[in-house]
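Notes follow once the structure below has been shown.
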Amino acid sequence: MAPTTTSLGRAPPQLVGGWEAGLLIFLALLYLGGALVNPAFFGSTEALLALLRDTSRVGIIAVGMTFVIANKDLDLSVGSTYGLIAVVFARLFASDVLDFGVIGPVIFCLLLGTVIGLFNGILVTILRVPAFIATLTVLFIGRGFVLALTHGQAIYYSGKAKDYPLFFHLGESNALGFNNQIAIFLLVAVVGAYVLAKTRWGYETFATGGNEQAAAYAGMNTRWVRIRAYLLSSLCATLSALLAAAQDKGVTPLYGVSWELTVIASVVIGGASILGGRGRVFGSCLGAAVVVLIDKVLREGWPITRTVVIDGENVAVGARFTLPAGAVLVFLGLLLVTAVLIEPFLIRRQIAARFWAWLRGRPPPPAYETGGLALEGVQTKGAMATDMALSATGLGKFLARRDALAIILTVVLWLTGLALRPDYWWNLPNTFAILLNYTELALITVGLTYVIAAGDIDLSVGAVLALAGSTAAYFLKVLGADPLTAVAMGLLAGTAAGLVNAVVTVGFKLPAFIATLGMFYIARGLAAWFVAGQQLTGWPEGYNLLGRKLNDVLLHFDLSLPSGIVRSVAEVVSIQTIFMFFVALLAGIVLAYTPFGLKVCAAGGNVRAATYAGINTNRVRFISLILAALCATMAGIINVAYFRSFNPVAGQFRELDAIASVIIGGGSIFGGYGTVIGSLAGAAVITLVRALLQLNVQGFTMPQHWINVFIGVILIVAVLIDIWVRQANLFARLRARFATAAPTGERIHG
């Protein structure tokens, strides 16, 4: 039978192809380079087997992720799923915790992995939550559970593991000399490759990812296809976690941290398209080997000789040079962005094939289609709520506003705190202490309002906050710079991060969540790199004034206010609160009353219509992304001044808080709407929820890690309200259905 052909020539191979061959050659060269740089580690058979063992766990997860990405979806929760499953198994099995046998914990972990996969799939397909928001929130919730269940401590069970050799032998070497995880990985890879390339499941996956609307017209249940992919992804993460539990015979709170980035980069390096419709399991597995090998080369470092002075004599000693803390995170972020850029600029344009054809003097092959869906629906959102607000009068006009819910919630939460602890809540210094915690989040939220209203997202704002603070702290403490220089350098670093976000998103046309996810890791890694992973403290008081009370600043300049209400307020109001107020006022006026603000909402509501209307939507999105980074930068500089120190974990989970604030405040996750006053009210809701959960009521205080889980749930609820109450107008549809059913009921009983 003649081979099937398309208009582009021979049909692409389904199992392996030239891309995999290139990855094999690159792997061999990379390993050879590692052996030359560090022969003591990479020059041994044990090192090769260790590399294959570690690749196995990443590769198993990459098999499931290939189905998700080929579906044009994304699963950011695999890292936290991996960590959570390992922690749950440890707590169930360890003799000093619950002390169950092996079978029960394994079955429970498999059920838990299934539930996580179904939850992700239902959120994305049936409830229509954007994949990156749904799985990002599950990532944070899962990470919160990991920290809460471990209490920040490792759990070990090596002694008890000896009583169950059958299960724990899965993580050990066999009689042939290699680890059993490698054999399991090969089995999963072969089965996954066959299913994706040669079965109906694979055909449905590629059809759904290539054009979901056309696949639905062809009779495919595209919802089930996408849910099935999330199930496979979660179960692969579960299997990988159980293998890790069998190997390590223990678990730490850091299990699975940043693994979602490693796995996504592996799949994309393996030739899958982030735009969906293409991917091969064997390519993803080789991509996992590439990422793990590069990671090992960076972490292992290379041998060097150091000279130390002993009793006045110089003695040469062997040592090892390794990269500083955070460097590997920077590399992983860069690798993700680079891997995603490979797809549109190399694979779709067939650069390698064109170069090979040029070498042989033959005509170049045509490029793949670079378009998206064959049919693209109108993207205008939020018109229903806007029309209701315009037509309402009196109190109804306020209640019809999209930000009314956040304002009402702010009042209710404040009164709740007053009722629970009036001794604490009705105290002016405590009130402004809560306001200080609010200021940092509010600053970030102001900039993010523009980004979300413009139809984009910025997942890097918390990391940019840390980068700006780290830069300022480094210049103050290490270089001994003056406060003005430190502020300028912090602003430069944070704004540069925003510029990179804007260039990669707008200039290279990468999805904003991918570009800013890469920057999330790059900025967080750089922040740790600058301070060598340590906390810095102790700099001039002139810099600390940025985070002090107004009265402290006046006293610093030998100015004293007379006793009275003005002085009382000056003693509790901080400079950062005043600064935040003016920034929010200016941003609110621009967004609500200037042509640029209208362009932001127009670009987010319907980018095609806005372009047809003559709006430079690229410039609007570009400025919005830089503004978000600038606001996060200012928050980071103030953070260092307020705490008089810098910690590399500064800004952690702030992106989750900020996104939730904008959505609670009436902004649409799909773009097209947002108000600064609504976002500020949303930030107040998040701040008050955190304050209430941390409130000591009759001796009980909720642990911090559970608070992060609670905030993640709030974000999911806020997004669902935006989709179903604001966008789909669910309540009005239900009222209309009941209204049409009521007369029918009367006729039946009459």
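The analysis underlying the following values was restricted to heavy atoms, covering all of them including side chains, and did not include hydrogens, waters or symmetry mates.
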Hey, could you give me the CD1/CE distance between Ile514 and Met519, rounded to the nearest 0.5 Å?
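So the gap between those two atoms works out to 13.5 Å.
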Rounded to the nearest 0.5 Å, how far apart are SG of Cys109 and CG of Leu235?
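Spacing of SG (Cys109) from CG (Leu235) equals 12.0 Å.
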Are the side chain of [X] and the backbone of [Y] linked by a donor-acceptor contact shorter than 3.5 Å?
X: Ser234; Y: Tyr230; answer: no
X: Asn180; Y: His169; answer: yes
X: Ser240; Y: Cys236; answer: no
X: Arg128; Y: Ile723; answer: no

Any heavy-atom pair between the side chains of [Y] and [X] that's under 4.5 Å?
X: Arg228; Y: Phe67; result: no
X: Ile116; Y: Leu84; result: yes
X: Leu459; Y: Ile659; result: yes
X: Leu335; Y: Ile269; result: yes
X: Pro648; Y: Val531; result: yes
X: Leu136; Y: Leu715; result: no
X: Asn179; Y: Leu49; result: no
X: Glu204; Y: Trp224; result: no

*Salt-bridge present (Lys72, Glu212; N to O < 4.0 Å)*: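 No, Lys72 and Glu212 are not salt-bridged.
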Margin query: Check this for me, if you would: do Asp163 and Lys160 make a salt bridge, where the nitrogen-to-carboxylate-oxygen distance has to be below 4.0 angstrom?
Written below: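 So Asp163 does not pair with Lys160 through a salt bridge.
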Tyr82 and Trp259 aromatic ring geometry - parallel, tilted or perpendicular at 30°/60° bounds
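Parallel: the ring planes of Trp259 and Tyr82 meet at under 30°.
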inquiry  = Can you tell me how the ring of Tyr157 sits relative to the ring of Phe168, calling it parallel under 30°, perpendicular over 60° and tilted otherwise?
reply    =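 Rings of Tyr157 and Phe168: tilted, 30 to 60°.
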*asked:* Before you tell me yes or no, could you show the steps for Phe89 and Phe167 under ring-ring contact (aromatic ring centres under 6.0 Å, His included), namely the whole-Å CA-CA distance, both residues' side-chain angles and the distance that decides it to 0.1 Å?
replied: CA-CA 13 Å; Phe89 177 86; Phe167 173 76; 5.4 Å; yes
In terms of heavy-atom contacts, does [atom1] of [X] have more than 12 from other residues, nucleotides or ligands at under 6.0 Å?
X: Leu29; atom1: CG; answer: yes
X: Phe145; atom1: CZ; answer: no
X: Phe331; atom1: CZ; answer: yes

Set out, in order, the CA-CA distance, both residues' side-chain angles and the distance that settles side-chain contact (heavy atoms from CB on, under 4.5 Å) for Val78 and Ser233, then state yes or no.
CA-CA 7 Å; Val78 289; Ser233 177; 3.2 Å; yes
_Gln181 and side-chain hydrogen bond (donor to acceptor under 3.5 Å, both in side chains): which single residue from Arg57, Glu172, Arg53 fits?_
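So, applying the side-chain hydrogen bond (donor to acceptor under 3.5 Å, both in side chains) to Gln181 and each of Arg57, Glu172, Arg53, only Arg57 qualifies.
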* Among Asp73, Asn71, Thr208, which residue meets the side-chain hydrogen bond (donor to acceptor under 3.5 Å, both in side chains) test with Arg226? ->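 The passing option is Asp73.
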**Item:** Pairs meeting criterion ring-ring contact (aromatic ring centres under 6.0 Å, His included) with involvement of residues 118-138, two or more places apart
**Value:**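 Sorted pair list: Phe132-Phe513.
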Heavy-atom closest pair, residues [X] and [Y]:
X: Leu196; Y: Arg280; value: CD2-CA, 4.5 Å
X: Val124; Y: Ala134; value: CG2-CB, 3.9 Å
X: Ala131; Y: Leu74; value: CB-O, 3.8 Å
X: Ile686; Y: Ile711; value: CG2-CD1, 4.2 Å
X: Ala288; Y: Val58; value: CB-CG1, 3.9 Å
X: Gly250; Y: Tyr255; value: O-OH, 3.4 Å

Please report whether the ring centroid of Tyr164 lies less than 6.0 Å from that of Phe93.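 That pair passes the under 6.0 Å test.
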Do Ser77 and Asn120 have side-chain N/O donor and acceptor atoms under 3.5 Å apart?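 Present: a donor and an acceptor within the cut-off.
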